[in-house]
Protein chains: 2
Amino acid sequence: MGIAERKEREKEDMRKLILNAARKLFLEQGYEKTSIRGIADAIEYSPATIYLYYKDKNELLFALHEDAFLKMMQELGQVRSIHDPFARLLEMGHQYIKYAIENPELYDLMFIMKAPMETLACREEIWEDGLKAFGFLKEVITDCVNAGYFKNKNIEISALTIWSYMHGLVSIYLKNRMTMFQDDQQLQGMQQSFILFTSMIRDSL
Amino acid sequence: MGIAERKEREKEDMRKLILNAARKLFLEQGYEKTSIRGIADAIEYSPATIYLYYKDKNELLFALHEDAFLKMMQELGQVRSIHDPFARLLEMGHQYIKYAIENPELYDLMFIMKAPMETLACREEIWEDGLKAFGFLKEVITDCVNAGYFKNKNIEISALTIWSYMHGLVSIYLKNRMTMFQDDQQLQGMQQSFILFTSMIRDSL
DNA sequence: CAAATATACTAAACACTGTTTAGTAAGCAA
DNA sequence: TTGCTTACTAAACAGTGTTTAGTATATTTG
């Protein structure tokens, strides 16, 4: 009998309905100002219904966190068409900055907020999405090493170092701490710093 | 008449009483779980009283943010005794990491949370504390340039680049995103990355 | 087909949150 | 002693995430 299957589909539809409304509100007004009641209103269901499909607000944020990674990987993945590994790494950096600036709330969810990590912790799962993205960075760095760009053979540490810089740069900008530059010169400052950093790793990583 | 002065003193005492209770609770249970009511209970006053001394919760957080910077500058300032500027920069890095790990909630307040910046924005003031700390970093870098360690003459960009790396590294750790290492090897990983980064800037900044 | 059961949903409550308002009691000045 | 100011608070306002108990509807069973 197909009833069970239909119910399963309907359940999945409902999860998507909730998630889409959540994403919309979340991106429109930010995490802090989006309430379960607001999401419930948007889909014209009671707040309690949401708890039949998602354990709590953290789980809802975690689901958004997951497709934020999907989106980022799609955008970063485009660099695969670049043959030279160092040029590919550079473009990856540009795309990373672009993604962070264009999706500040998602970036927060992916790399700054504790909520999604707590869901992961109490499920006793690993941070798959993050590790996959980190793995992609390691691949590109490995290619750079193999092409003779970098001499350092510890890919893990090289990747962590590069990611730390990138994450720090965009975090400082997104969290409004780049006040050593005037508002309209912050992007330019980031650009200059990025050029400096990339020339540094090219010369001596 | 000394009555006005006494009242002024009492007002200042009350502000400190509130702030000390706020700091204690905040460090004990974190920002999110500390409520105005909790602070009011701790000092045995009504919640409304707190609003006679601080405009809102953001202002309370901003006050803590200020003495978090005071504390950090005290700890970082110790490196002034190191003569060699590059060794001084290295030690500053160590101290920065140490401070972040030992005071994760304060670090959040200083460099990640938006609340203190919002208070600053609506007061139309600049981020004095942050710029002062950044200025100290620039001083040390200038010394490194003058001593012939670094060839790059754009101190502002060099400082931003170094700070970005440091901030990224500690943020990734503090926000539990360093899952490429097992829990007990994350500090070691940071150490290795720090060594790599410092060797990179020594060779080619 | 009717009765029993399972499912989907919600109203209302619980226990909180930051913040404001209106009112009280004490301290001080005239 | 009267009038005014200051310090404080009880209670309310408008929200929050989450849970409970109960109601219809849909499905399965006798």
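Order of the sequence lines fixes the chain letters, A, B, ..., with proteins taken first and strands second; residue numbering starts at 1 for each chain. Computed over heavy atoms, backbone and side chain alike; hydrogens, waters and symmetry mates excluded.
Atom CD in Glu59(A) sits roughly 14 Å away from atom C1' in dG17(D) (whole-Å rounding). The interatomic distance linking Asp13(A) (CG) with dA8(C) (P) rounds to 13 Å, in whole Å. When rounded to the nearest whole Å, the span between CG of Asp56(A) and C1' of dT16(D) equals 14 Å. In this structure, Ile39(B) atom CD1 and dT17(C) atom C1' are separated by 12 Å, rounded to whole Å. Between the P atom of dA14(D) and the NZ atom of Lys33(A) lies a distance of 19 Å, rounded to the nearest Å. For Met14(A) and dC9(C), the CE to P distance is 5 Å, given to the nearest whole Å. Regarding Arg15(A), its CZ atom lies at a distance of 16 Å from the C1' atom of dA8(C), rounded to whole Å. To the nearest angstrom, C1' of dG17(D) lies 10 Å from OH of Tyr31(A).
Counting any heavy atom pair closer than 4.0 Å across all strands shown, Tyr54(B) reaches no nucleic acid atom.
Aromatic ring centroids of Trp127(A) and Phe69(A) lie under 6.0 Å apart. Aromatic ring centres of Tyr53(B) and Tyr45(B): separated by at least 6.0 Å. Checked against the 6.0 Å centroid criterion, the rings of Trp163(B) and Tyr165(A) do not qualify as a close aromatic pair.
Close to dT10(C), at under 4.0 Å from its OP1 or OP2, lies a side-chain N or O of Thr49(A). OP1 or OP2 of dC8(D) sits under 4.0 Å from a side-chain N or O of Tyr45(B). Remark: Ser35(B) is in phosphate contact with dT17(C), judged by side-chain N or O atoms under 4.0 Å from OP1 or OP2.
Relative to the side chain of Tyr51(B), the nucleotides dT19(C), dT9(D), dC9(C) differ in distance, and dT19(C) lies closest. Candidate nucleotides dT19(C), dA10(D), dC8(D) were compared by shortest atom distance to the side chain of Ala48(B), and dA10(D) ranks first. In this structure, of dT20(D), dG17(D), dT9(D), it is dG17(D) that holds the atom nearest to the side chain of Ile36(A).
In terms of position along DNA chain D, the nucleotide closest to Ser46(B) lies nearer the 5' end than the nucleotide closest to the other residue of the pair Arg37(A) and Ser46(B).
When each of Lys71(A), Lys98(A), Glu75(A) is paired with Asn103(A), the side chain to side chain donor-acceptor pair (under 3.5 Å) condition holds for Lys71(A) and for no other.
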### Message
side chain to side chain donor-acceptor pair (under 3.5 Å) for Tyr96(A) and Tyr107(A)? Distances and angles first, verdict last.
### Response
CA-CA 10 Å; Tyr96(A) 188 88; Tyr107(A) 191 86; 2.7 Å; yes

